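Model, not experiment: these values are computed from the prediction. Computed from heavy atoms alone, side chains included, the values below leave out hydrogens, waters and symmetry copies. Order of the sequence lines sets the chain letters (A, B, ...), proteins ahead of strands, with each chain counted from 1.
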Amino acid sequence: MDETLREFFNDVYEITRQIPRGKVLTYGRIAALAGRPQHARWVGRAMAQSPDDKTLPCHRVVNSAGQTAPGWTEQRTLLENEGVTFRPNGHVDMKKHLWEILSADEVTS
DNA sequence: GTTTTGACGCTAC
DNA sequence: AGTAGCGCCAAAA
């Protein structure tokens, strides 16, 4: 694994850790924030392999469709417990819960 | 070295 | 809304 890639992983973990309670972030968005927009899949792999950091809130990470990870039904429960609303079909209400790194204060006017 | 795979994303239908 | 196809990149086989 290249040094740059390891750095990317580290950034991904750091960003994920900063997701506030009741908010979610997409793989692609995280990848972009980490500087590698094309490595969205790698973000997922980073979570799948679970780093040493057990406190990593990877359950707040969903794909662009707002769907939770396959094979991980618990994720939905965790998010609901944090106040994230799920649609009947199993999608997250991104419109409300998608976390924006740019302080929402400036976005709202 | 080549082929398949994957906690994905986007566009098109 | 849901499905399908193509693109992307690195690891695993």
Side-chain angles (χ1 to χ4, degrees):
Chain A
M1 190 180 293
D2 292 333
E3 197 67 26
T4 56
L5 199 48
R6 198 184 77 74
E7 208 175 331
F8 171 74
F9 264 67
N10 191 21
D11 288 341
V12 170
Y13 295 140
E14 193 171 340
I15 292 168
T16 305
R17 206 168 303 147
Q18 292 172 33
I19 302 177
R21 179 177 173 282
K23 291 283 185 179
V24 295
L25 212 54
T26 67
Y27 295 99
R29 196 60 72 83
I30 293 173
L33 289 171
R36 296 289 184 279
Q38 307 296 108
H39 288 62
R41 324 180 82 139
W42 232 233
V43 178
R45 191 165 288 224
M47 302 302 163
Q49 295 186 354
S50 293
D52 300 330
D53 194 337
K54 204 170 112 178
T55 63
L56 186 71
C58 47
H59 60 272
R60 292 178 186 151
V61 182
V62 296
N63 62 16
S64 61
Q67 288 182 298
T68 55
W72 191 17
T73 58
E74 192 179 316
Q75 180 179 18
R76 179 171 171 170
T77 307
L78 289 169
L79 289 174
E80 285 181 319
N81 190 15
E82 294 186 352
V84 177
T85 57
F86 272 75
R87 291 185 167 179
N89 54 9
H91 290 86
V92 181
D93 192 341
M94 318 260 299
K95 198 87 175 193
K96 298 181 175 179
H97 300 293
L98 179 61
W99 182 47
E100 311 245 4
I101 276 243
L102 316 164
S103 9
D105 300 336
E106 309 200 37
V107 180
T108 1
S109 63

I need the [atom1]-[atom2] distance between [X] and [N], as an integer number of Å.
| X | N | atom1 | atom2 | result |
| --- | --- | --- | --- | --- |
| A/F9 | B/dA7 | CZ | P | 12 Å |
| A/M94 | C/dA1 | CE | P | 11 Å |
| A/K95 | C/dA1 | NZ | P | 11 Å |
| A/Q38 | B/dG6 | CD | C1' | 16 Å |
| A/L25 | B/dC8 | CG | C1' | 14 Å |
| A/H39 | B/dT5 | NE2 | C1' | 16 Å |

Distance-only, no hydrogens or angles: does the A/K96 side chain make a donor-acceptor pair with backbone N or O of A/K23 under 3.5 Å?
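Side chain of A/K96 to backbone of A/K23: no pair is present.
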
Counterpart residues, ring pair (Phe, Tyr, Trp, His ring centres under 6.0 Å), relative to A/F86 (two or more places apart)
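None.
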
For DNA chain B, find the residues of residues 13-22 of chain A with a heavy-atom distance under 4.0 Å and give them by number; none if there aren't any.
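Residues of residues 13-22 of chain A under 4.0 Å from DNA chain B: none.
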
Donor-acceptor pairs under 3.5 angstrom involving side-chain atoms of residues 63-74 of chain A: please list them, not counting sequence neighbours.
residue, atom, partner, partner atom, Å
A/N63, OD1, A/A65, N, 3.1
A/N63, OD1, A/G66, N, 3.1
A/N63, OD1, A/Q67, N, 2.8

Scan the side chains in residues 28-38 of chain A for donor-acceptor partners under 3.5 Å anywhere in the protein, sequence neighbours excluded, and list what turns up.
none

Toward the 5' end of DNA chain C, which comes first, A/N89 or A/R45, by nearest nucleotide?
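Looking at the nearest nucleotide for each, A/N89 comes out on the 5' side.
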
Reported SG-to-CD1 distance for the pair A/C58 and A/I19, which is rounded to 0.5 angstrom
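Going from SG on A/C58 over to CD1 on A/I19, the span is 9.5 Å.
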
Considering only distance and modelled atom types, tabulate donor-acceptor pairs under 3.5 Å from the side chains of residues 78-85 of chain A, sequence neighbours left out.
residue, atom, partner, partner atom, Å
A/E82, OE1, A/G22, N, 3.4
A/E82, OE1, A/R60, NE, 2.8
A/E82, OE1, A/R60, NH2, 3.3
A/E82, OE2, A/H59, NE2, 3.0
A/E82, OE2, A/R60, NE, 3.3
A/E82, OE2, A/R60, NH2, 2.7
A/T85, OG1, A/H97, NE2, 3.1

For DNA chain C, the residues among residues 67-82 of chain A that have a non-hydrogen atom under 4.0 Å from it:
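Of all residues in residues 67-82 of chain A, none places a heavy atom under 4.0 Å from DNA chain C.
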
Taking only N/O atoms, report every protein-nucleotides 9-13 of chain B pair under 3.5 Å with atom names and distance.
residue, atom, partner, partner atom, Å
B/dG9, OP1, A/G28, N, 3.1
B/dG9, OP1, A/S64, N, 3.2
B/dG9, OP2, A/S64, N, 2.7
B/dG9, OP2, A/S64, OG, 3.2

Which pairs, with at least one residue in residues 10-19 of chain A and sequence neighbours excluded, count as a side-chain hydrogen bond (donor to acceptor under 3.5 Å, both in side chains)?
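Output for this query lists A/R17-A/D53.
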
A/L5 vs A/F8, side-chain contact (heavy atoms from CB on, under 4.5 Å): CA-CA, chis, key distance, verdict
CA-CA 5 Å; A/L5 199 48; A/F8 171 74; 4.1 Å; yes

Under 3.5 Å between N/O atoms: give me all the protein pairs with nucleotides 3-7 of chain C, atom names plus distance.
none

